[in-house]
Amino acid sequence: MIKPLRGMKDLMFDDAQRFVHIVTTAVKVAKRYGYSYIETPILEETSLFKRSVGDSSDIVSKEMYQFEDKGGNDVCMRPEGTAGVVRAFVSAKLDRQPMKQKFYYYGPMFRYERPQKGRLREFHQFGCESFGEASVYEDFTLIVMISQIFKELGIGFDLLINSLGCPECMPPYRENLVNFLTDIKEELCEDCNRRIGTNPIRVLDCKNEKCQSLLPQSPKLIDNLCESCESDFKKLTELLDEAGIAYTVDTNLVRGLDYYNKTAFEFVSNEIGAQSAIAGGGRYDKLVEYLDGKPTPAVGFAIGIERIMELVKMPQPQREGYYMGAMVPEAVEKVIMLANDKRAQKKVTVEYSSKGFKSHMKGVDKSNARFAVLIGEDELKNGTVWIKDMESKEEKTISLEEF
RNA sequence: GUAGGCGUAGUUCAGUUGGUAGAGCACCAGUUUGUGGCACUGGUUGUCGCGGGUUCGAGCCCCGUCGCCUACCCCA
């Protein structure tokens with residue numbers, strides 16, 4: 001028996017319904033905010049992710065499904081969604097239009113990691129990317145939008161926010177931090193020592209207890225922001241306060257991808273295991289440039305669909321459509337033909353074998369049909385059908401034409 | 001890559017100090033000839049993950065292997 005690959009899952013029945021409900025809800029909300037659908041390839045040139053997500057990131061350095069295709073191209077399965085959307089934005093030369101652009105997408109992402117609760121090798125994200133809007137109002141609006149999606153899905157969450165600074169205030173801070181970390185590097189873990197060279201900001205997010213115990217005295221970017229970043233971040237907190245959205249400023253919040261600047265945020269849940277991030281995002285004003293576009297401010301986010309699957313409160317399933325069956329073999333084909341016509345309008349479940357009344361009624365329940373429609377000996381003879389409304393329990397025998 | 005836990009019926013699991021397997025759920029059929037969800041009765045289902053070893057005998061003990069889960073790392 002061939003089973004799906006490690007970290008990959010089939011989706012069916014209840015889970016499939018949840019999945020569709022999540023996506024349709026998110027799409028519905030995104031459209032209200034003016035987002036339109038974009039679909040980009042799952043396979044992209046490897047350099048796209050090296051240049052956007054960042055060479056030093058774990059995603060690029062060890063988690064990509066990367067290979068050479070038959071034409072000798074270095075390609076990989078997308079590990080996240082933003083890079084592809086930005087590439088598409090630049091490919092279509094939208095960076096040369098003064099118009100603001102907003103896109104939503106959803107689909108599979110691939111990362112070659114060790115699977116655990118809430119972490120798969122193939123997983124799905126719903127995401128939005130807003131181009132051309134530098135205002136912090138947009139950062140705020142995105143956060144409101146995610147809150148609204150979660151609210152409609154019945155999901156509780158905590159919101160963490162931070163500012164990652166910009167090209168003006170980040171470099172001096174970074175130098176400052178590297179100095180601090182270098183002084184205590186003897187006591188930091190192996191990973192952190194590596195991070196000092198590659199991406200010192202990530203040290204702040206280290207889960208190692210020893211490291212964390214040394215970090216409270218570390219310089220915080222939030223205390224060293226430039227005027228513009230400082231005022232934007234302050235504005236964001238004010239807007240969130242006014243909107244009544246609770247948040248925690250987490251100065252150790254570092255997004256895993258290199259392209260973020262200024263606003264970074266993460267929605268987390270404490271009900272789903274160690275992998276608690278259910279949505280994450282932020283601003284990435286330099287990414288369009290990195291990918292050969294004209295400077296274009298941008299901000300976006302992604303929701304991890306599998307991460308919120310078990311959190312979603314599903315609406316009550318409603319009885320729908322018809323169940324049709326025959327109680328004498330001669331009536332089977334009559335039932336099938338009748339069902340064909342009915343299906344032009346309604347959902348119909350047909351039982352092909354002639355069965356007893358009781359057996360059919362069980363089938364009606366199983367199919368969750370609103371109406372039971374049966375043809376027995378009498379109905380066949382008289383050219384009628386017996387129909388019962390399973391909710392009102394009202395039943396009657398009517399002519400074929402009437403049905 | 002590292003650590004721990006687990007692989008027995010479709011599913012969730014039980015299986016005593018080693019004596020060639022069981023329950024609930026699900027499924028199917030009935031419960032006086034055409035009224036469902038409930039209840040009752042009956043029935044079907046397993047190369048006990050795979051390969052070796054110990055033993056008269058292994059689901060149980062030993063070794064290996066594969067797979068799954070959880071956690072670290074990292075992140076949605």
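Proteins come first, then strands; the chains are lettered A, B, ... in the order of their sequence lines, and each starts at number 1.
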**Student:** May I ask you to say what A/Glu63 touches in the nucleic acid, namely base, sugar-phosphate or nothing, with a heavy-atom cut-off under 4.0 Å?
**Tutor:**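 Answer is sugar-phosphate: A/Glu63 comes under 4.0 Å of backbone atoms only.
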**Student:** For B/U47, give its Watson-Crick or G-U wobble partner with both distances under 3.5 Å, or none.
**Tutor:**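 The answer is none; no pair meets the criterion.
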**Student:** Closest nucleotide of RNA chain B for A/Val254 versus for A/Lys3: which of these residues is on the 5' side?
**Tutor:**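 On the 5' side of the pair lies A/Lys3.
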**Student:** Go ahead and name the base partner of B/C6; Watson-Crick or wobble counts if both distances stay under 3.5 Å, otherwise write none.
**Tutor:**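 Pairing partner, where one exists within any strand: B/G67.
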**Student:** What integer number of Å spans the C1' atoms of B/A71 and B/G10?
**Tutor:**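 Here B/A71 and B/G10 have their C1' atoms 31 Å from each other.
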**Student:** Please report the distance, rounded to the nearest Å, between CG in A/Leu160 and P in B/A76.
**Tutor:**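 These atoms are roughly 13 Å apart.
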**Student:** Is there a Watson-Crick or G-U wobble partner for B/U11 with both distances under 3.5 Å, and if so, which one is it?
**Tutor:**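 Partner of B/U11: B/G24.
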**Student:** Take atom P in B/G59 and the same atom in B/G49, then report the distance between them in whole Å.
**Tutor:**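 That atom pair is separated by 10 Å.
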**Student:** Between A/Pro4 and A/Glu266, just flag the one whose closest nucleotide in RNA chain B comes earlier from the 5' side.
**Tutor:**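 The residue mapped nearer the 5' terminus is A/Pro4.
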**Student:** In whole Å, I'd like the distance from the CG atom of A/Asn162 to the C1' atom of B/C75.
**Tutor:**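 That distance rounds to 16 Å.
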**Student:** For a quick check, tell me whether the side chain of A/Arg307 and the base of B/C75 share a donor-acceptor pair closer than 3.5 Å.
**Tutor:**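 Yes.
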**Student:** Counting heavy atoms from C-beta on, name the nucleotide in B/A76, B/C73, B/G1 closest to the side chain of A/Phe123.
**Tutor:**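 The nucleotide sitting nearest to the side chain is B/A76.
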**Student:** Quickly work out the A/Leu120 CG to B/A71 P distance and round it to whole Å.
**Tutor:**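 Spelled out: CG on A/Leu120 to P on B/A71 is 12 Å.
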**Student:** With a sphere of 6.0 Å drawn around CD of A/Glu395, does it hold more than 12 non-hydrogen atoms of other residues, nucleotides or ligands?
**Tutor:**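 Enclosed.
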**Student:** Under 4.0 Å between a side-chain N/O of A/Arg6 and OP1 or OP2 of B/C68, yes or no?
**Tutor:**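 It does, given that an N or O in the side chain of A/Arg6 lies less than 4.0 Å from OP1 or OP2 of B/C68.
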**Student:** If you look at every strand shown and take non-hydrogen atoms under 4.0 Å, does A/Gly273 touch a base, only sugar-phosphate, or nothing?
**Tutor:**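 Sugar-phosphate: the residue A/Gly273, judged by heavy atoms under 4.0 Å, touches backbone atoms but no base.
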**Student:** What's the separation between atom CZ in A/Arg307 and atom CD in A/Gln275, rounded to the nearest 0.5 Å?
**Tutor:**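 Between atom CZ of A/Arg307 and atom CD of A/Gln275 there are 5.0 Å.
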**Student:** Is a salt bridge present between A/Asp285 and A/Lys262, judged by a nitrogen-to-oxygen distance below 4.0 Å?
**Tutor:**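 Looking at A/Lys262 together with A/Asp285, the answer is no, because their closest N to O distance does not fall below 4.0 Å.
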**Student:** For A/Tyr33, what residues pass the ring-ring contact (aromatic ring centres under 6.0 Å, His included) criterion, not counting sequence neighbours?
**Tutor:**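 Per chain and number, A/Tyr33 pairs via ring-ring contact (aromatic ring centres under 6.0 Å, His included) with no residue.
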**Student:** In whole Å, what is the span from the NZ atom of A/Lys62 to the P atom of B/C75?
**Tutor:**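 A/Lys62 atom NZ is separated from B/C75 atom P by 9 Å.
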**Student:** Please state the P separation for the pair B/G19 and B/C60 - nearest whole angstrom.
**Tutor:**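 Nearest-Å result for B/G19 against B/C60 at atom P: 11 Å.
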**Student:** If we take the P atom in both B/C66 and B/G30, what is their distance in whole Å?
**Tutor:**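 Straight-line distance between the two P atoms is 50 Å.
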**Student:** Figure out the NZ/C1' separation between A/Lys117 and B/A76, and round it to whole Å.
**Tutor:**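 The distance from NZ of A/Lys117 to C1' of B/A76 comes to 15 Å, rounded to the nearest Å.
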**Student:** For a salt bridge (charged side-chain N to carboxylate O under 4.0 Å, His left out) check, start with the C-alpha distance between A/Glu351 and A/Lys366, then their side-chain angles and the critical distance, and finish with the verdict.
**Tutor:** CA-CA 12 Å; A/Glu351 173 55 54; A/Lys366 213 166 300 172; over 6 Å; no
**Student:** Mind checking who B/A29 pairs with, Watson-Crick or G-U wobble, both distances under 3.5 Å?
**Tutor:**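 Paired with B/A29, as far as the under-3.5 Å criterion goes, is B/U41.
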**Student:** Distance between the P atoms of B/C63 and B/C38, in whole angstroms?
**Tutor:**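 To the nearest whole Å, 48 Å.
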**Student:** Quick one: does A/Arg119 reach the base of B/C73 with a side-chain donor-acceptor pair under 3.5 Å?
**Tutor:**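 Yes, the side chain and the base share a sub-3.5 Å donor-acceptor pair.
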**Student:** Is it true that A/Glu238 and A/Lys234 have a side-chain N and a carboxylate O under 4.0 angstrom from each other?
**Tutor:**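 Salt bridge between A/Glu238 and A/Lys234, a charged N being under 4.0 Å from a carboxylate O: yes.
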**Student:** Scan every strand shown for a Watson-Crick or G-U wobble partner of B/U55, both distances under 3.5 Å, and answer none if you come up empty.
**Tutor:**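 B/U55 is unpaired by these criteria.
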**Student:** Answer with base, sugar-phosphate or nothing: what part of the nucleic acid does A/Ile146 contact at a heavy-atom distance below 4.0 Å?
**Tutor:**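 Since no nucleic acid heavy atom lies under 4.0 Å of A/Ile146, the category is nothing.
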**Student:** Check every strand shown and say whether A/Arg111 touches a base, only sugar-phosphate, or nothing at a heavy-atom separation below 4.0 Å.
**Tutor:**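 Contact class for A/Arg111: base.
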**Student:** Determine the Euclidean distance between corresponding P atoms of B/C75 and B/C13; express it in Å to zero decimal places.
**Tutor:**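 Approximately 33 Å lies between the P atom of B/C13 and that of B/C75.
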**Student:** Take atom CZ of A/Phe13 and atom P of B/U11, then tell me their distance rounded to the nearest Å.
**Tutor:**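 These atoms are roughly 13 Å apart.
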**Student:** Quote, to the nearest angstrom, the C1' distance that separates B/G36 from B/U31.
**Tutor:**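 Going atom to atom, C1' in each nucleotide, I get 15 Å.
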**Student:** Under 3.5 Å, is there a donor-acceptor pair linking the side chains of A/Lys93 and A/Ser91?
**Tutor:**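 On atom types as modelled, these side chains do not qualify, holding no pair under 3.5 Å.
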**Student:** Whole-Å distance between B/A76 P and A/Phe49 CZ?
**Tutor:**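 So the two atoms are 14 Å apart, to the nearest Å.
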**Student:** Counting Watson-Crick and G-U wobble pairs only, both distances under 3.5 Å, name the nucleotide matched with B/G1, or none.
**Tutor:**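 Pairing partner: B/C72.
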**Student:** Taking atom C1' of B/A76 as reference, at what distance in whole Å does atom NE2 of A/His124 sit?
**Tutor:**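 After rounding, the gap between these two atoms is 12 Å.
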**Student:** Roughly how far apart, to the nearest Å, are B/U8 and B/A58 at atom C1'?
**Tutor:**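 So the two C1' atoms sit 14 Å from each other.
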**Student:** Between A/Lys396 and A/Glu402, is there a side-chain N and carboxylate O pair less than 4.0 Å apart?
**Tutor:**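 Here A/Lys396 does not pair with A/Glu402 in a salt bridge, since their nearest N and O are not under 4.0 Å apart.
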**Student:** So for A/Gln116 and B/C73, does any side-chain atom that can act as donor or acceptor lie under 3.5 Å from a complementary atom in the base?
**Tutor:**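 Looking at the base of B/C73, it does pair with a donor or acceptor on the side chain of A/Gln116 (distance under 3.5 Å).
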**Student:** Please tabulate the protein-to-nucleotide N/O contacts below 3.5 Å involving nucleotides 27-37 of chain B, giving atom names and distances.
**Tutor:**
{"residue": "B/C28", "atom": "OP1", "partner": "A/Lys366", "partner atom": "NZ", "Å": "3.4"}
{"residue": "B/C28", "atom": "OP2", "partner": "A/Lys366", "partner atom": "NZ", "Å": "3.2"}
{"residue": "B/G34", "atom": "O6", "partner": "A/Glu379", "partner atom": "OE1", "Å": "3.1"}
{"residue": "B/G34", "atom": "N1", "partner": "A/Glu379", "partner atom": "OE2", "Å": "2.8"}
{"residue": "B/U35", "atom": "O2", "partner": "A/Lys388", "partner atom": "NZ", "Å": "2.8"}
{"residue": "B/U35", "atom": "O2", "partner": "A/Glu395", "partner atom": "OE2", "Å": "3.4"}
{"residue": "B/U35", "atom": "N3", "partner": "A/Glu395", "partner atom": "OE1", "Å": "2.6"}
{"residue": "B/U35", "atom": "N3", "partner": "A/Glu395", "partner atom": "OE2", "Å": "2.9"}
{"residue": "B/U35", "atom": "O4", "partner": "A/Glu395", "partner atom": "OE1", "Å": "2.2"}
{"residue": "B/G36", "atom": "OP1", "partner": "A/Lys358", "partner atom": "NZ", "Å": "3.0"}
{"residue": "B/G36", "atom": "O2'", "partner": "A/Asp365", "partner atom": "OD2", "Å": "2.3"}
{"residue": "B/G36", "atom": "O6", "partner": "A/Lys393", "partner atom": "NZ", "Å": "3.2"}
{"residue": "B/G36", "atom": "N1", "partner": "A/Met390", "partner atom": "O", "Å": "3.4"}
{"residue": "B/G36", "atom": "N2", "partner": "A/Arg319", "partner atom": "NH2", "Å": "2.3"}
{"residue": "B/G36", "atom": "N2", "partner": "A/Asp365", "partner atom": "OD1", "Å": "2.7"}
{"residue": "B/G36", "atom": "N3", "partner": "A/Asp365", "partner atom": "OD1", "Å": "3.1"}
{"residue": "B/G36", "atom": "N3", "partner": "A/Asp365", "partner atom": "OD2", "Å": "3.1"}
{"residue": "B/G37", "atom": "O4'", "partner": "A/Asp365", "partner atom": "OD2", "Å": "3.2"}
{"residue": "B/G37", "atom": "O6", "partner": "A/Lys393", "partner atom": "NZ", "Å": "2.7"}

**Student:** Check A/Asp389 with A/Arg319, please: is the shortest side-chain N to carboxylate O separation under 4.0 Å?
**Tutor:**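 Looking at A/Asp389 together with A/Arg319, the answer is no, because their closest N to O distance does not fall below 4.0 Å.
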**Student:** Are A/Glu379 and A/Lys334 ion-paired here, with the side-chain N under 4.0 Å from a carboxylate O?
**Tutor:**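 No.
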